[in-house]
Amino acid sequence: MSDLAFITLICGALVFVWSAGMALWPRGMAAWVGAFPRHVWAGRILAAVDILWSAWLLLQMRFAWVDAHPMMVYAAVPVVYVLVILFVDDLLAARALGGFMLLAPLPILESAFVHPAVSRLIMTSFAYLLVIFGIVLVWSPFKWRQWTERWINQAPITRAVGIFGIIIGADMLFMGWFVY
């Protein structure tokens with residue numbers, strides 16, 4: 001199994017499960033999606049994941065200063081985390097999800113770059129969509145509510161969005177198993 005197949009299966013499973021939740025339990029998902037941007041622990045956990053992943057990437061990039069002072073990076077991680085929790089706590093979950101959406105495309109793009117199939121461009125496009133949504137969420141996390149309030153408050157529309165997402169997730173799972 002190639003790296004692209006593995007990553008496509010993970011992305012497809014996440015999209016499929018999330019969308020199935022919207023299709024099967026639209027009211028419950030509406031409450032969760034509406035409360036997510038201000039959820040304290042979701043924001044803190046996602047922020048911790050983002051900061052740890054960013055520090056790991058920084059250590060892997062082979063910058064001269066970082067190579068000479070790796071302990072500074074290790075020491076900066078908890079300091080940055082505490083500063084983020086203290087000073088960027090408003091809508092932290094949405095911002096941290098945006099940060100995750102900025103970090104997640106890296107493995108997708110790295111694995112798609114070396115894959116010979118032309119259909120790799122589907123996952124490349126998915127990765128760049130994640131980057132666009134991530135930039136917007138980090139820059140203006142209030143957009144989460146603007147994007148979701150149009151469809152999340154009406155159960156039939158939420159269910160339709162969930163069914164659309166199930167189709168996307170199933171397509172990704174199919175590509176992960178049979179194409180890549």
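- Within a 6.0 Å radius of OH in Y128, no more than 12 heavy atoms belonging to other residues, nucleotides or ligands are found.
- Linking ILVMFWY side-chain heavy atoms closer than 4.5 Å, directly or via other members, places M101 and L14 in a single hydrophobic cluster.
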Worksheet item: How far apart are the C-alpha atoms of W18 and W32, what are their side-chain angles, what is the distance that settles it, and do they pass the ring-ring contact (aromatic ring centres under 6.0 Å, His included) test?
Response: CA-CA 12 Å; W18 174 260; W32 192 86; 5.4 Å; yes
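- Side-chain atoms of R120 come within 3.5 Å of backbone N or O of A117 as a donor-acceptor pair.
- L92 CG to W41 CH2: the interatomic distance, rounded to the nearest 0.5 Å, is 11.5 Å.
- Note that CZ of F142 and CG of L137 are 10.5 Å apart. Values are rounded to the nearest 0.5 Å.
- Residues forming a side chain to side chain contact (heavy atoms under 4.5 Å, CB included) with L52 (at least two apart in sequence, or on another chain): V77.
- Using modelled atom types, no side-chain atom of S19 and backbone atom of F16 make a donor-acceptor pair closer than 3.5 Å.
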Going by atom type alone, with no hydrogens or angles, which donor-acceptor pairs under 3.5 Å involve a side-chain atom of residues 152-180 and a protein atom two or more places apart or on another chain?
residue : atom : partner : partner atom : Å
N153    : ND2  : E149    : O            : 3.4
T158    : OG1  : W151    : O            : 2.7
T158    : OG1  : I152    : O            : 3.3
T158    : OG1  : Q154    : O            : 3.0
R159    : NE   : A23     : O            : 2.9
Y180    : OH   : S119    : O            : 2.6

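- The main-chain N or O of A42 is found under 3.5 Å from a side-chain atom of H39 such that the two form a donor-acceptor pair.
- Residues passing the side-chain hydrogen bond (donor to acceptor under 3.5 Å, both in side chains) test with Q60: none are found, sequence neighbours excluded.
- The line from CG of L91 to CZ of F36 is 10.5 Å long, rounded to the nearest 0.5 Å.
- W56 and L58 fall within the same hydrophobic cluster, where Ile, Leu, Val, Met, Phe, Trp and Tyr residues are linked whenever their side-chain heavy atoms come under 4.5 Å apart, directly or through other members.
- We find the OG1-NE2 distance between T8 and H115 to be 8.0 Å, quoted to the nearest 0.5 Å.
- Using a 4.5 Å cut-off between side-chain heavy atoms of Ile, Leu, Val, Met, Phe, Trp and Tyr, with links allowed through other members, L9 and M123 fall into the same hydrophobic cluster.
- In plain terms, the two heavy atoms of M1 and A5 that are nearest each other are CG-CB, 3.7 Å.
- L102 and L129 fall into different hydrophobic clusters, defined by Ile, Leu, Val, Met, Phe, Trp and Tyr side-chain heavy atoms under 4.5 Å apart, directly or through other members.
- Both I7 and I122 belong to a common hydrophobic cluster when Ile, Leu, Val, Met, Phe, Trp and Tyr are linked at side-chain heavy-atom distances under 4.5 angstrom.
- Put simply, OG on S111 and CG on D3 are 6.0 Å apart, with the number rounded to the nearest 0.5 Å.
- The two residues F126 and C11 have their closest heavy-atom pair at CE2-SG, 3.9 Å.
- Nearest heavy-atom pair across A127 and I108 is CB-CG2, 3.8 Å.
- When every heavy atom of L46 is checked against every heavy atom of A93, the shortest pair comes out as CD1-O, 4.0 Å.
- At a threshold of 4.0 Å, the pair D90-R38 counts as salt-bridged, since one of the basic side-chain nitrogens sits closer than that to a carboxylate oxygen.
- For W139 and W144, the ring centers sit 6.0 Å or farther from each other.
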